Engineer: 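Here it is: the structure, laid out below.
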Amino acid sequence: NAGVTQTPKFQVLKTGQSMTLQCAQDMNHNSMYWYRQDPGMGLRLIYYSASEGTTDKGEVPNGYNVSRLNKREFSLRLESAAPSQTSVYFCASSEALQGRYEQYFGPGTRLTVT
Amino acid sequence: KQEVTQIPAALSVPEGENLVLNCSFTDSAIYNLQWFRQDPGKGLTSLLLIQSSQREQTSGRLNASLDKSSGRSTLYIAASQPGDSATYLCALKGGGNKLTFGTGTQLKVEL
């Protein structure tokens, strides 16, 4: 049971480079999320997708774009990386079951922008 | 805007001690509260979820309570072990489709 998977695990970029972080879930969940985690800031929502074909901005969307490719996959793209985007990025998914909105997280991608 | 606070930020206890981690929130209009564990360099593992209509949930040595009227949740860990050392995060789901996280309590259980 893979749950939520993310690739790559680590990445180093130079300022101005672009990259896409990949996320996939095998739990047939409708909702998927991208968070970033920074020391002292907690986890902050970047974008989310309530269902296939829809995406919405979260708390810190600037500098990012997302694509909900299908029900399983939700990617995060940095078009022109900046040092302020150095962070750990987590993907999560959830499904509303009998009033429970439990989120499941992937292992994270550690991104450094130099 | 929901604000979630976890105090203390760090805690060190001897093995075998019972302990309580605290989570406070400002908006009681929540659907559920979720407790997570995060090991260094790893992702988040869901420990317990308490729905708005519930008062507590238990899993093994863990017990989480929810008091919406006072804006508080506690995570009780019985008979702590070195393997319990990790950062514990609480997160609330309110209206909309996202969780609001606290900044966590870093727990160290010493031999």
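Labels below follow one simple rule: chain letters A, B, ... track the order of the sequence lines, proteins then strands, and each chain is numbered from 1. All values below were derived from every heavy atom in this structure, side-chain atoms included, with hydrogens, water molecules and symmetry-related copies excluded. What you are looking at is a predicted structure, and each value in this text was computed from that prediction instead of being measured.
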Engineer: Hydrophobic cluster membership, with links at side-chain heavy-atom distances under 4.5 Å among I/L/V/M/F/W/Y: are Phe101(B) and Leu47(B) in one?
Structural biologist: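 Unlinked, Phe101(B) and Leu47(B) end up in two clusters.
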Engineer: May I ask you to check whether over 12 heavy atoms, not counting those of Arg61(B), lie within 6.0 Å of atom CZ?
Structural biologist: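 Buried by this count: over 12 neighbours within 6.0 Å.
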Engineer: Which atoms of Gln6(B) are under 4.5 Å from chain A, going by heavy atoms: the side chain, the backbone, both sets, or neither?
Structural biologist: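 Neither the backbone nor the side chain of Gln6(B) comes within 4.5 Å of chain A.
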Engineer: Near Arg72(B) CZ, under 6.0 Å, is it more than 12 heavy atoms from other residues, nucleotides or ligands?
Structural biologist: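 It does not: Arg72(B) CZ has 12 such atoms or fewer within range.
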Engineer: Identify whether Leu48(B) and Leu92(B) are in the same connected component of the hydrophobic contact network (ILVMFWY, side-chain heavy atoms under 4.5 Å).
Structural biologist: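 Yes, Leu48(B) and Leu92(B) fall within the same hydrophobic cluster.
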Engineer: Is it the side chain or the backbone of Arg110(A) that comes within 4.5 Å of chain B heavy atoms, both, or neither?
Structural biologist: side chain
Engineer: With a 4.5 angstrom heavy-atom cut-off, which part of Leu43(A) approaches chain B: side chain, backbone, both or neither?
Structural biologist: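 Its backbone and side chain both get close to chain B.
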Engineer: Check each atom of Ile50(B) against the heavy atoms of chain A and say whether the ones under 4.5 Å are side chain, backbone, both or neither.
Structural biologist: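 Neither part; nothing is under 4.5 Å.
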Engineer: Out of curiosity, does Val88(A) fall in the hydrophobic cluster containing Val4(A) (side-chain heavy atoms, cut-off under 4.5 Å, transitive links)?
Structural biologist: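 Shared cluster, no.
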Engineer: Does CD in Gln2(B) sit with more than 12 non-hydrogen atoms of other residues, nucleotides or ligands closer than 6.0 Å?
Structural biologist: yes
Engineer: Nearest 0.5 angstrom please: Glu102(A) CD to Asn32(B) CG, how far?
Structural biologist: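 Answer for the CD-CG pair, Glu102(A) versus Asn32(B), is 8.0 Å.
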Engineer: Top residue by heavy-atom pair count (under 4.5 Å) with chain A, among Ala9(B), Gly102(B), Gly43(B)?
Structural biologist: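 Sorted descending by pairs with chain A, the first entry is Gly43(B).
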Engineer: How close do Phe90(A) and Lys42(B) get, heavy atom to heavy atom, and via which atoms?
Structural biologist: CZ-O, 3.7 Å
Engineer: If only atom types and distance count, is the side chain of Gln34(B) paired as donor or acceptor with the main-chain N or O of Gln103(A) below 3.5 Å?
Structural biologist: yes
Engineer: Do Leu76(A) and Leu111(A) belong to the same hydrophobic cluster, where Ile, Leu, Val, Met, Phe, Trp and Tyr are linked whenever their side-chain heavy atoms lie under 4.5 Å apart, directly or via other members?
Structural biologist: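 In one cluster with Leu76(A): Leu111(A), yes.
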Engineer: Report the distance from atom CG of Leu89(B) to atom CD of Gln37(A), rounding to the nearest 0.5 Å.
Structural biologist: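 Going from the CG atom of Leu89(B) to the CD atom of Gln37(A) covers 6.5 Å.
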Engineer: According to a 4.5 Å side-chain heavy-atom criterion applied to Ile, Leu, Val, Met, Phe, Trp and Tyr, with indirect links allowed, do Leu49(B) and Tyr104(A) form part of one hydrophobic cluster?
Structural biologist: no
Engineer: Does any backbone or side-chain atom of Lys93(B) lie under 4.5 Å from a heavy atom of chain A? Answer side chain, backbone, both or neither.
Structural biologist: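 Only the side chain of Lys93(B) comes within 4.5 Å of chain A.
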Engineer: If we check side-chain contact (heavy atoms from CB on, under 4.5 Å) with Leu99(B), which of these qualifies: Tyr101(A), Tyr35(A), Tyr48(A)?
Structural biologist: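 The passing option is Tyr35(A).
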